[in-house]
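What follows is one structure encoded as structure tokens, with my remarks underneath.
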Amino acid sequence: MISTQAWADARRLWDHHQMGHALRPCSVAVGLGSHDLGVADTAVDLYERGMAPLLVFTGATSPTTRERMPRGEAVHYRERALERGVPASVVLVEPHAGNTGENIRFSKAVLEEAGVDVSSVLLISKPYEERRAYATARKLWPGVEIVSASTPMTFDEYVDSIGDVRLVIDMLVGALQRLLIYPEQGFMISQPVPDHVYQAYERLCREGFTGRLLRTDTAST
């Protein structure tokens with residue numbers, strides 16, 4: 001059973017992880033690879049709304065995606081976009097990135113190689129990774145405006161879509177830890193964490209939601 005306090009604390013982390021950026025047209029939309037094909041669907045939705053003339057999907061495979069996406073996350077995202085009617089000419093694929101930092105660096109390199117002039121990036125991630133993706137991009141892709149986006153949904157809707165509340169809370173806690181430790185390791189910019197969010201994070205850690213925590217000496221984005 002999940003306590004009432006844990007539910008409330010998880011919602012505090014969920015709210016903090018979302019940037020709340022107002023969407024606007026950008027030079028390119030970059031969809032960060034994961035197990036969630038909703039990222040590709042959101043990228044297509046935003047393309048259809050005229051928010052970006054070009055899509056980049058980035059990501060290799062991981063232990064959690066290897067079976068579902070054997071050809072690689074970015075490749076499966078591209079296939080989803082083409083199935084939905086996006087022209088192949090406006091979809092670029094970066095199939096090698098294994099973490100968020102590589103997603104950003106490799107996507108930047110693909111666009112540079114293609115000669116695309118980028119002044120702003122619509123960065124599309126899972127809902128609970130908006131802030132992490134934003135902080136990483138601000139560090140590794142200076143000089144461009146970053147607009148964070150994800151599939152619009154509430155915390156409860158996301159839990160229902162995953163079907164495992166403990167896993168979701170573990171992911172929220174793990175993402176918050178990275179916001180705390182990665183700036184010191186040079187992986188992302190530092191952002192303030194409000195006291196009530198940090199206290200919620202500590203309570204969830206004490207309650208055992210630690211499945212996605214890293215050792216503090218781990219250095220991988």
For [X] and [Y], work out which heavy atoms get closest and say how close.
| X | Y | answer |
| --- | --- | --- |
| Glu73 | Ser34 | OE1-N, 3.5 Å |
| Ala149 | Leu23 | CB-CD2, 3.8 Å |
| Arg212 | Asp170 | CB-O, 3.4 Å |
| Ala133 | Thr100 | CA-CG2, 4.3 Å |
| Tyr201 | Leu13 | N-CD1, 3.8 Å |
| Leu213 | Cys205 | CD1-SG, 4.1 Å |

* Check the pair Ser119 / Ser27 against side chain to side chain donor-acceptor pair (under 3.5 Å), numbers first and verdict last. => CA-CA 6 Å; Ser119 61; Ser27 306; 3.2 Å; yes
Looking at [X] and [Y], would you say the former's side chain and the latter's main chain have a donor-acceptor pair under 3.5 Å?
| X | Y | result |
| --- | --- | --- |
| Glu207 | Leu204 | no |
| Glu130 | Met19 | yes |
| His96 | Ala60 | no |
| His76 | Arg71 | yes |
| Arg84 | Asp41 | yes |
| Arg178 | Gly174 | yes |

* To do: Give the intermediate values and the outcome of side chain to side chain contact (heavy atoms under 4.5 Å, CB included) for residues Ile2 and Phe209.
  => CA-CA 11 Å; Ile2 307 299; Phe209 295 99; 3.9 Å; yes
Separation between [atom1] of [X] and [atom2] of [Y], rounded to the nearest 0.5 Å:
| X | Y | atom1 | atom2 | value |
| --- | --- | --- | --- | --- |
| Lys139 | Ser190 | NZ | OG | 10.0 Å |
| Tyr77 | Leu37 | OH | CG | 6.5 Å |
| His17 | Met171 | NE2 | CE | 10.5 Å |
| Ile162 | Lys126 | CD1 | NZ | 9.0 Å |
| Leu122 | Leu54 | CG | CG | 12.0 Å |
| Ile181 | Gln185 | CD1 | CD | 5.0 Å |

Heavy atoms, side chains only, cut-off 4.5 Å: are [X] and [Y] in contact?
| X | Y | result |
| --- | --- | --- |
| Ser125 | Leu32 | yes |
| Val121 | Cys26 | no |
| Phe187 | Leu140 | no |
| Pro192 | Tyr198 | no |

* Would you sort out whether Thr151 and Thr42 count as a side chain to side chain donor-acceptor pair (under 3.5 Å), showing the intermediate values? => CA-CA 6 Å; Thr151 305; Thr42 297; 2.6 Å; yes
* To do: With side chain to side chain contact (heavy atoms under 4.5 Å, CB included) as the test, would you mind laying out the steps for Val165 and Trp7 before giving the verdict?
  => CA-CA 9 Å; Val165 64; Trp7 274 102; 3.7 Å; yes
* Asked: Thinking salt bridges, do Arg206 and Asp9 make one under a 4.0 Å N-O criterion?
  ->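 So Arg206 does not pair with Asp9 through a salt bridge.
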* Asked: Are Arg105 and Glu94 close enough for a salt bridge, meaning some N to O gap below 4.0 Å?
  -> no
* To do: May I have the step-by-step check of side chain to side chain contact (heavy atoms under 4.5 Å, CB included) for Leu179 and His16, ending in yes or no?
  => CA-CA 11 Å; Leu179 294 178; His16 181 68; 4.1 Å; yes
Following the transitive rule for hydrophobic clusters with a side-chain heavy-atom cut-off under 4.5 Å over Ile, Leu, Val, Met, Phe, Trp and Tyr, establish whether [X] and [Y] coincide in one cluster.
| X | Y | value |
| --- | --- | --- |
| Val93 | Leu123 | no |
| Val44 | Val91 | yes |
| Leu46 | Val147 | yes |
| Val75 | Leu55 | no |
| Tyr134 | Ile104 | yes |

* Asked: Asp195 and Gln199: side chain to side chain donor-acceptor pair (under 3.5 Å), yes or no, with the steps?
  -> CA-CA 6 Å; Asp195 288 344; Gln199 291 162 8; 5.2 Å; no
* Should we say atom CZ of Arg11 is surrounded by more than 12 heavy atoms from elsewhere, each under 6.0 Å from it? -> yes
* Should we say atom NE2 of His35 is surrounded by more than 12 heavy atoms from elsewhere, each under 6.0 Å from it? -> yes
* To do: Apply salt bridge (charged side-chain N to carboxylate O under 4.0 Å, His left out) to Glu145 and Arg24, showing your working.
  => CA-CA 11 Å; Glu145 181 181 358; Arg24 71 167 188 81; 2.2 Å; yes
* Check the pair Arg131, Gln18 against side chain to side chain donor-acceptor pair (under 3.5 Å), reporting the backbone distance first and the verdict last. => CA-CA 6 Å; Arg131 188 173 293 277; Gln18 302 219 321; over 6 Å; no
* Test Arg138 against Met188 for side chain to side chain contact (heavy atoms under 4.5 Å, CB included), laying out the working first. => CA-CA 7 Å; Arg138 283 285 311 279; Met188 61 175 63; over 6 Å; no
* Look at the rings of Trp14 and Tyr158 and say which category their plane angle falls in: under 30° parallel, 30 to 60° tilted, over 60° perpendicular. =>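 Answer is tilted, since the angle falls between 30° and 60°.
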